[in-house]
Amino acid sequence: MLSLRFINLRRTYRNVKRLTQIVRVLLKHGLGRFVEEINLQRYIPLRHRIRTFGRYGVYLEKPILAERTRHAFEELGPTFIKLGQLLSARPDLVTKTFADEFRKLLDEVPPFPTEEAKAIIEKELGKPLLEIFSTFDETPVAAASIAQVHYATLKDGTCIVVKVCRPRIEEITENDIDILYFISRLMLKYIPESRFFNPTGIVDEFSKNIKKEMDFFIEADNATAFRKNFEGSETVYIPKVYYEYTTKRVLTMERLVGIRIDDFKRLDREGFDRKDIARKGTEAYFKQLFEDGFFHADPHPGNIFILEDGRMGLMDFGIVGRLSEETMEGIANTFLALIHKDFDRLIQQYIELGIVTEEMDIEKFRIEFKRDLVDFIEPLYTKTLSQIDLGEYLDRIMQIASRHNLRLPSDLLLVDKALLTIEGLGRRLDPDFNLISVAEPYASKFMRKKMSPKKLLIRARKNLYDITDFLNTLPKQLRIFMRKAIRDELHIKMTPIGMDRLIRDIDRSSNRLSFSLIIAAIIIGSAVIIHSGSGRLLYGLPALGLIGFAIAFLFGVWLLIAILRSGRL
């Protein structure tokens with residue numbers, strides 16, 4: 001028990017130390033306004049707070065703010081770089097300006113020393129490097145926030161890539177995730193409009209994904225599952241995993257030789273049809289989404305290559321998504337509702353997917369949200385996607401969602417992220433690309449399958465079981481309810497939103513007021529004693545009075561420091 005407390009104490013100390021470092025970096029890059037908004041001033045050293053008092057809330061233009069945030073993430077290290085990469089695919093949440101800036105984090109991560117990578121490989125595989133590989137490229141071909149990749153060759157001449165986890169990444173990430181949870185809760189408390197972004201849900205999903213990414217056995221199994229799902233495909237190729245050279249921190253896979261999907265000049269020079277690539281790639285994605293229920297959730301250009309035979313080679317299977325039948329059905333219905341301009345059906349899907357919060361007036365929401373959707377979406381049906389300003393489109397969607405207090409559940413974050421990435425890449429390949437039109441056949445096929453007699457029978461049987469279970473437990477639940485009602489043991493739980501913050505502020509203010517009254521009383525009492533001239537003298541004045549003034553002075557300085565620490569003078 002004592003050792004457990006010691007471990008928790010050490011972890012708390014590390015977190016506080018790291019949080020102080022994070023606050024300093026944010027201030028260094030001019031992000032003091034955010035620090036002030038979520039009340040993190042107490043983690044700023046007093047001398048620094050006094051030196052820069054009143055200058056935290058400086059307003060910055062959005063492009064400058066986005067650039068400075070990216071620089072801060074780069075300085076804060078792997079966890080924040082990975083978070084920035086996640087947010088780079090979420091212009092609906094962070095706006096297009098921030099998403100474009102965060103996208104630069106994808107290719108600007110410095111590698112760690114090759115000697116450290118070699119040491120990790122030898123320790124994990126239990127052999128000297130020269131006994132495992134015939135060649136090993138000293139220069140990393142790619143460096144990411146979690147790992148870096150080296151080209152190598154097996155003893156039999158097979159060309160491979162070796163992915164090596166960064167040193168101490170697990171410890172660093174664990175501490176940073178604790179801090180991100182803390183910051184997300186502060187955002188919900190002090191920035192109510194952040195509720196739409198669901199910051200805690202984002203951290204939840206981010207935490208799950210980054211922990212999975214650091215376990216290369218999971219990534220290897222994901223790659224094997226994708227390889228099986230696309231076995232025999234003429235569109236997609238998945239590289240082979242070499243399990244005998246794979247551990248939790250080292251992943252060895254077949255090397256793909258091809259053209260990066262966003263290298264448009266080379267694609268054109270080699271005679272590839274970019275429109276065909278956009279269509280086939282999106283079709284492959286919707287196969288994952290509606291047929292497999294298992295999809296690649298990080299389809300950015302660095303993970304997709306066009307091979308010599310025209311197939312699309314996928315890499316990096318650390319972030320994947322799995323969908324339940326109910327979620328797949330909800331997504332399919334959403335696409336079909338958009339295609340057929342069925343706004344009532346679209347609103348119903350938002351409700352069933354959990355995007356609409358429980359405390360919302362559903363009927364009022366239906367009326368007001370439908371009006372906004374009709375005003376905004378209907379004009380888009382007369383345009384091609386190339387005629388739509390994507391930034392303006394995303395900003396308008398965010399404004400509508402924020403106005404209606406919608407919240408995206410964490411299990412849909414990956415789907416949304418991947419869809420936006422695919423849409424953006426498709427538009428760059430083909431200006432006339434339309435994501436919804438490509439989705440329609442797959443969504444329709446899925447819904448036809450759901451409405452087949454066999455599926456309806458299975459659903460009816462499940463509903464019958466649920467009804468039977470409900471009827472069996474109903475008498476018992478009624479007896480418990482009646483017993484509590486007779487004994488006057490029924491309780492109504494009410495949670496007043498924001499009341500805890502009000503009570504805390506009132507309590508703090510009343511304590512400071514009481515403390516001020518005590519100081520004033522000491523000053524008045526000391527003044528009376530000095531005026532009376534009684535008692536032992538010190539420097540010609542009553543000692544008790546002088547001591548009282550000294551105590552009042554110290555208490556006053558203490559109170560002033562406490563107010564400065566809170567950031568509310």
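For clarity, every value in this text was computed on a predicted model and none was experimentally measured. Computation of the quantities below employed the complete heavy-atom set of this structure, encompassing side-chain atoms and omitting hydrogens, waters and symmetry-equivalent molecules.
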Q) With the threshold set at 4.0 Å, does a side-chain nitrogen-carboxylate oxygen contact exist between Glu213 and Lys163? A) no

Q) Can a salt bridge be assigned to the pair Arg427 and Glu423 using a cut-off of 4.0 Å between side-chain N and carboxylate O? A)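 Salt bridge: no.
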
Q. Is the Phe295 ring parallel, tilted or perpendicular to the Tyr285 ring (thresholds 30°, 60°)?
A. perpendicular

Q: Check the angle between the aromatic planes of His71 and His29 and answer parallel, tilted or perpendicular using the 30° and 60° thresholds.
A: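 Answer is parallel, since the angle falls under 30°.
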
Q: Please determine, by modelled atom types, if Gln21 and Arg24 share a side-chain donor-acceptor pair under 3.5 angstrom.
A: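 No pair is found: no donor N or O on one side chain lies under 3.5 Å from an acceptor on the other.
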
Q: Among Thr200, Asp176, Asp204, find the residue that satisfies the side chain to side chain donor-acceptor pair (under 3.5 Å) test when tested with Tyr181.
A: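 That would be Asp204; it is the only one of Thr200, Asp176, Asp204 passing the side chain to side chain donor-acceptor pair (under 3.5 Å) with Tyr181.
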
Q) Roughly how far apart are Leu83 CG and Leu105 CG, rounded to 0.5 Å? A)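 It comes to 9.5 Å.
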
Q.
Nearest 0.5 Å, please: how far is OG1 in Thr97 from CD1 in Ile64?
A.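 Taking CD1 in Ile64 and OG1 in Thr97, the distance rounds to 12.0 Å.
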
Q. Are Lys127 and Tyr245 in a cation-pi setup, meaning NZ or CZ lies under 6.0 angstrom from the ring centre and within 45 degrees of the ring axis?
A. no

Q. Hey, are the side chains of Phe286 and Glu291 touching, using non-hydrogen atoms and a 4.5 Å cut-off?
A.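 Contact flag for Phe286/Glu291 side chains = no.
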
Q: Examine distances only and state if a side-chain atom of Arg166 and a backbone atom of Ala144 form a donor-acceptor pair shorter than 3.5 Å.
A: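 Present.
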
Q: With Ile22 as reference, evaluate Ile179, Leu40, Leu180 under the side-chain contact (heavy atoms from CB on, under 4.5 Å) test and give the passing residue.
A: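 In the set Ile179, Leu40, Leu180, the residue that makes a side-chain contact (heavy atoms from CB on, under 4.5 Å) with Ile22 is Ile179.
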
